[in-house]
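In what follows, a single structure is set out as structure tokens and then discussed.
These values consider heavy atoms only, across backbone and side chains, with no hydrogens, waters or symmetry-generated copies. All residue numbers in this chain count up from 1 along the given sequence.
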Amino acid sequence: MSTTLTLTTDHQPDGALVLTAIGEVDMSNAADFGDALTRAVEAAPGPLTVDLTALEYLDSAGLAVLFPHVERIHLIASPLLAPVLTIAGLADLMTVTAA
């Protein structure tokens, strides 16, 4: 059974692209998250903002999807998720903002 994940892309007033993930990312849907992330990175005119503030769960499969894009993305994370990103080493490789 797949875990619920909603992915949306929107443009900010300045034209920057934002990918928002809502729900949970685990091994059952990490490929979908990765595909959406790759498409958004390719479409973004500059760095892509990835909003993870409404993400309730992110496992190692979801973390692995983020690593190939560290040079092109900026993460916004909930206070509970930010330490996970730090422990995984992502905060050392990209900008991670705690919301």
Side-chain angles (χ1 to χ4, degrees):
M1 182 173 179
S2 288
T3 304
T4 302
L5 174 65
T6 302
L7 299 163
T8 60
T9 53
D10 294 302
H11 286 90
Q12 294 178 340
D14 65 359
L17 193 61
V18 178
L19 173 66
T20 302
I22 300 169
E24 300 181 359
V25 177
D26 63 18
M27 63 186 285
S28 73
N29 59 18
D32 296 333
F33 179 50
D35 291 344
L37 183 58
T38 298
R39 284 191 307 275
V41 164
E42 291 171 354
L48 172 71
T49 298
V50 181
D51 184 346
L52 303 178
T53 57
L55 207 60
E56 299 168 6
Y57 181 78
L58 178 70
D59 76 358
S60 59
L63 288 169
V65 166
L66 296 168
F67 278 95
H69 304 286
V70 295
E71 294 180 3
R72 296 279 321 271
I73 62 177
H74 164 231
L75 296 178
I76 302 173
S78 68
L80 293 174
L81 185 57
V84 173
L85 299 170
T86 299
I87 291 167
L90 283 165
D92 293 333
L93 301 173
M94 69 173 75
T95 303
V96 176
T97 304

Worksheet entry | Over 12 foreign heavy atoms within 6.0 Å of CD, Glu71 | no
Worksheet item: Partners of Thr38 by side-chain contact (heavy atoms from CB on, under 4.5 Å), sequence neighbours excluded?
Response: Glu42, His69
Worksheet entry | Gap separating the CZ atom of Phe33 from the CG atom of Leu58, nearest 0.5 angstrom | 6.5 Å
Fill in: Set of side-chain contact (heavy atoms from CB on, under 4.5 Å) partners for Asp59, sequence neighbours left out
Asp26, Met27, Tyr57, Ala61
Worksheet item: Hey, is the main chain of Val41 close enough, under 3.5 Å, to the side chain of Arg72 for a donor-acceptor pair?
Response: yes
Worksheet item: Considering all heavy atoms of both residues, which atom of Leu17 and which atom of Ala40 are nearest to each other, and what is their separation?
Response: CD2-O, 3.5 Å
Fill in: Heavy-atom closest pair, residues Leu7 and Ala21
CD2-CB, 3.7 Å
Worksheet entry | Shared hydrophobic cluster, Leu63 / Leu37 (ILVMFWY, side-chain heavy atoms < 4.5 Å) | yes
Without placing hydrogens or testing angles, list every side-chain donor-acceptor pair under 3.5 Å for residues 48-56, not counting sequence neighbours.
from	atom 1	to	atom 2	distance (Å)
Asp51	OD1	Thr53	N	2.9
Asp51	OD1	Thr53	OG1	2.6

Discussion item. Working to the nearest 0.5 angstrom, can you tell me the gap between Ile22 CD1 and Thr8 OG1?
Written reply: 5.5 Å
Side-chain donor/acceptor pairs under 3.5 Å, residues 80-97, sequence neighbours excluded:
from	atom 1	to	atom 2	distance (Å)
Thr86	OG1	Ala82	O	3.1
Thr97	OG1	His74	NE2	2.8

Worksheet item: Residues two or more places apart in sequence or in another chain: which of them pass side-chain contact (heavy atoms from CB on, under 4.5 Å) with Ala64?
Response: none
Worksheet entry | Evaluation steps, side chain to side chain contact (heavy atoms under 4.5 Å, CB included), between Val18 and Gln12 | CA-CA 7 Å; Val18 178; Gln12 294 178 340; 3.3 Å; yes
